[in-house]
Amino acid sequence: DDQILVTVAECLSQPKSKDQVRLFALSIIDNVVGIAKSDLPENEDLTSRVKSLLSKNMDSFLLPIGDVLRRQQDISKGLLEACVETISGLAQFVTQSTQAHNLVDITTFLLDQPTRRVNPKTKSGLLLVLEHFVPLYDLQDDSELKDRVYNTVTSLFGFFRDRSSREVLSRVLIVYSRKDPILKEVAELCVSLNSFADGRLDEPDYDRRLKAFNLISAPREKQFTAHQWRPLLYNFLYYIRHDEEFGVLSSNSSDAICNFLDSASKATDATETSTFYNILSSILLPAIFSGAREARSEEHTSELPSPVL
């Protein structure tokens, strides 16, 4: 019965609902999702009907879950994780553009949350949701969400450390660039900057990465815009801390940041100049100050006397 599930979902958004009630409602939705994922031949008719039920009522699930996540700043870890798990389970049954909009909106919101609320492993899983659903929703129709997705995805190049997450992140930017062709070259460069050698366990593909750095630093007939520089800059700030292979990534990142500053200094359009200024003040300068504090901390630690054994 459609109405039963809708009523269950409504329990999530009631302001005075206790966490136990919300967790129970989420578990009911999870159980329904489990039935829909069942591949047993004897359940074929039931599975088909449940899939249809989920698809028709998807917004009735996504909207109250999103409401819980946004409204409760003090949400418990258990409830937050249960919401994320339910969203991930529902994702494969999203079929309509409005549903994809709600899913992309909630996912972006979660990716923006601090690590103490949403851990890196959970964020990595949420990237897969974005990779699949950004193509289903025409972001051009919603400039606010489009910009928010872009700003979130690009900032995560400075956050994720593991191979799998950085590769998924690069693929998400590729998918996004299909809706925004001006980013096509930059997205491909980010894929190269985060490439790994085939057949080698977590070994960077230094040849491909250096080729990308060379392309970025080479003289260009048309300079990158501030919008295009954003994902590249986050990659530079991540790799400038890497001193593997005699600091090849860090030294190239340093040179690339200088190229970024050169582009910023040559901007003449008022809007473009303002965008460069915002990137400098909100991304580059805080990263420089943070790096300086870390360097001083390491220097202070190295000067401490060794403990007497």
Side-chain angles (χ1 to χ4, degrees), residues 91 94-112 123-124 126-160 165-195 208-209 211-213 215-218 220-238 256-257 259-260 263-264 266-280 282-284:
V94 168
T95 56
Q96 299 174 22
S97 179
T98 55
Q99 297 170 353
H101 169 275
N102 290 329
L103 192 62
V104 170
D105 186 34
I106 295 170
T107 301
T108 304
F109 171 80
L110 289 169
L111 287 169
D112 274 333
K123 287 190 177 187
S124 185
L126 290 167
L127 283 178
L128 294 170
V129 175
L130 272 190
E131 181 186 8
H132 185 70
F133 287 100
V134 164
L136 292 182
Y137 179 67
D138 192 353
L139 290 168
Q140 305 298 335
D141 294 337
D142 189 339
S143 59
E144 188 275 332
L145 180 59
K146 178 187 175 186
D147 290 343
R148 197 150 56 82
V149 169
Y150 182 68
N151 290 339
T152 297
V153 168
T154 54
S155 69
L156 292 173
F157 278 112
F159 172 76
F160 285 113
S165 296
R166 296 190 71 81
E167 287 180 333
V168 175
L169 191 57
S170 300
R171 295 201 303 269
V172 172
L173 192 58
I174 286 287
V175 168
Y176 183 95
S177 71
R178 291 172 189 156
K179 304 280 186 179
D180 193 351
I182 197 173
L183 295 171
K184 183 176 183 294
E185 181 186 4
V186 169
E188 290 171 350
L189 286 170
C190 286
V191 170
S192 296
L193 288 172
N194 293 284
S195 60
R208 190 175 173 188
R209 293 188 185 196
K211 185 178 179 180
F213 275 116
L215 287 171
I216 293 166
S217 300
R220 304 178 65 83
E221 184 176 336
K222 187 175 182 181
Q223 294 293 318
F224 286 132
T225 65
H227 186 63
Q228 291 171 307
W229 272 112
R230 186 182 173 93
L232 297 175
L233 182 60
Y234 273 111
N235 274 286
F236 304 154
L237 292 173
Y238 174 76
I257 291 173
N259 288 327
F260 162 76
S263 288
K266 293 177 179 176
T268 54
D269 178 78
T271 302
E272 187 73 353
T273 300
S274 175
T275 306
F276 268 117
Y277 178 81
N278 288 335
I279 291 176
L280 281 164
S282 64
I283 299 172
L284 183 57

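- Side-chain N/O atoms of Arg148 and Thr108 include no donor and acceptor closer than 3.5 Å.
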Derivation of the side-chain contact (heavy atoms from CB on, under 4.5 Å) call for Arg208 and Val191 = CA-CA 10 Å; Arg208 190 175 173 188; Val191 170; 3.5 Å; yes

Please report the C-alpha distance between Glu131 and Val168 in whole Å, then the side-chain angles of each, then the deciding distance to 0.1 Å, and finally whether the side-chain contact (heavy atoms from CB on, under 4.5 Å) criterion is met.
-> CA-CA 8 Å; Glu131 181 186 8; Val168 175; 4.1 Å; yes

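- Atoms CG and CG, from Leu126 and Leu103 in turn, are 9.0 Å apart once rounded to the nearest 0.5 Å.
- Judged by distance alone, with hydrogens and angles left aside, the side-chain atoms of Gln228 form a donor-acceptor pair with the main-chain N or O of Thr225 at under 3.5 Å.
- Using a 4.5 Å heavy-atom threshold, the side chains of Lys146 and Asp180 count as touching.
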Please step through side-chain contact (heavy atoms from CB on, under 4.5 Å) for the pair His227 and Leu183, ending with a clear verdict.
-> CA-CA 9 Å; His227 186 63; Leu183 295 171; 3.8 Å; yes

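- Counting only N and O atoms by type, the side chains of Arg166 and Asn235 include a donor and acceptor under 3.5 Å apart.
- A side-chain contact (heavy atoms from CB on, under 4.5 Å) with Phe260 is found for one member of Leu233, Leu232, Ile216 and no other, namely Leu233.
- For the atom pair CZ (Phe224) and CG (Asn259), the distance works out to 10.0 Å, reported to the nearest 0.5 Å.
- Taking CD of Glu167 as the reference point, atom SG of Cys190 lies at 13.5 Å (rounded to 0.5 Å).
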List the steps, then state whether side-chain contact (heavy atoms from CB on, under 4.5 Å) holds for Leu189 with Phe213.
-> CA-CA 8 Å; Leu189 286 170; Phe213 275 116; over 6 Å; no

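- Between the side chain of Tyr176 and the main chain of Ala187, no donor-acceptor pair closer than 3.5 Å is present.
- Counting only distance, with no hydrogens or angles, the side chain of Thr107 and the backbone of Val104 share no donor-acceptor pair below 3.5 Å.
- Distance check: Ile174 CD1 to Arg171 CZ gives 10.5 Å after rounding to the nearest 0.5 Å.
- With Thr152 contributing its side chain and Val149 its backbone, the two residues share no donor-acceptor pair below 3.5 Å.
- Listed here is the closest heavy atom pair of Phe133 and Ala100: O-CB, 4.3 Å.
- Side-chain contact check for Phe276 versus Ser263: some heavy-atom pair is nearer than 4.5 Å.
- Using the six-membered ring where Trp is involved, Trp229 and Phe236 have ring planes that are perpendicular, over 60° apart on the 30 and 60° scheme.
- Proximity of Asn151 to Arg230: side-chain heavy atoms (C-beta onward) are separated by under 4.5 Å at one or more points.
- Atom CZ in Phe159 sits 9.0 Å away from atom CG in Leu111 (nearest 0.5 Å).
- Here Leu169 contributes atom CG and Leu128 contributes atom CG; the two are 11.0 Å apart, rounded to the nearest 0.5 Å.
- Within the 4.5 Å cutoff, the side chain of Val172 has no heavy atoms near those of the Leu156 side chain.
- Looking only at side-chain heavy atoms (C-beta outward), Leu237 and Ile283 come within less than 4.5 Å of each other.
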